[in-house]
Amino acid sequence: MKSIAACQAAVTAAAPFDGEPSDAELDAIELEMPAILADVALLDAQIMTIDRTPTELDARRIRRARRRVLAARRDLANRTTSVALLGGAA
């Protein structure tokens, strides 16, 4: 039987991983944080209605959360596009 570890060493022969995200990765996470938080709020609203019939208030909460997700994703896409058009300068 062929060992996976032997094949993996050749694939992951890049720089050693120290377990911490780089500054660029942290900046990307910070840039995406509004979209992430909007997704979490939508999931919370949906989870609250899993085991019961949604009331009108629940339906409004979910609609509002969906609109926040769409707005956050739109803002992120526009911000990412504008950064790309400027050549990476923020």
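Side chains are part of it too, since the values below use all heavy atoms of this structure and drop only hydrogens, waters and symmetry mates.
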- Message: Quick check on the hydrophobic clustering: are Ile29 and Leu37 connected, directly or via other members, by side-chain heavy-atom contacts under 4.5 Å?
- Response: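 Ile29 clusters together with Leu37.
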
- Give a yes or no on whether Val69 and Ile62 share a hydrophobic cluster (residues Ile, Leu, Val, Met, Phe, Trp, Tyr; joining criterion: side-chain heavy atoms under 4.5 Å apart).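 Linked within one cluster.
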
- Message: Asp58 and salt bridge (Lys or Arg N to Asp or Glu O under 4.0 Å): which single residue from Arg64, Arg63, Arg52 fits?
- Response: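 Going through Arg64, Arg63, Arg52 one by one, the salt bridge (Lys or Arg N to Asp or Glu O under 4.0 Å) with Asp58 is satisfied by Arg52 alone.
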
- State, yes or no, whether a side-chain contact exists between Glu32 and Leu76 at a heavy-atom distance under 4.5 Å.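 Counting from C-beta outward, Glu32 and Leu76 do come under 4.5 Å.
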
- Between Arg61 and Asp44, is a salt bridge (charged side-chain N to carboxylate O under 4.0 Å, His left out) present by the stated rule, with each step listed? CA-CA 10 Å; Arg61 185 177 293 125; Asp44 284 344; over 6 Å; no

Measure the spacing between [atom1] of [X] and [atom2] of [Y] and express it to the nearest 0.5 Å.
X	Y	atom1	atom2	result
Leu42	Arg66	CG	CZ	6.5 Å
Arg74	Arg79	CZ	CZ	10.5 Å
Leu31	Ile36	CG	CD1	9.5 Å
Asp23	Asp27	CG	CG	6.5 Å

- Given the rule in the side chain to side chain contact (heavy atoms under 4.5 Å, CB included) test, do Arg73 and Asp39 qualify, once you have shown the distances and angles that lead to the verdict? CA-CA 10 Å; Arg73 288 181 184 172; Asp39 284 332; 3.1 Å; yes

- Message: Does Gln46 form a side chain to side chain contact (heavy atoms under 4.5 Å, CB included) with Leu43? I'd like the steps, not just the answer.
- Response: CA-CA 5 Å; Gln46 291 171 334; Leu43 284 172; 3.9 Å; yes

- Query: Under 6.0 Å from the CD atom of Glu30, do we count more than 12 heavy atoms belonging to anything else shown?
  - Reply: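 Atom CD in Glu30 is not packed in, count stays at 12 or less.
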
- So, for Ala72 and Ala38, which heavy atoms are closest and what is the spacing to 0.1 Å?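 Result for this residue pair: CB-CB, 4.1 Å.
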
- Look only at the side chain of Glu25 and the backbone of Ser22, and say whether a donor-acceptor pair between them is shorter than 3.5 Å.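 Side chain of Glu25 to backbone of Ser22, a donor-acceptor pair under 3.5 Å: yes, one is there.
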
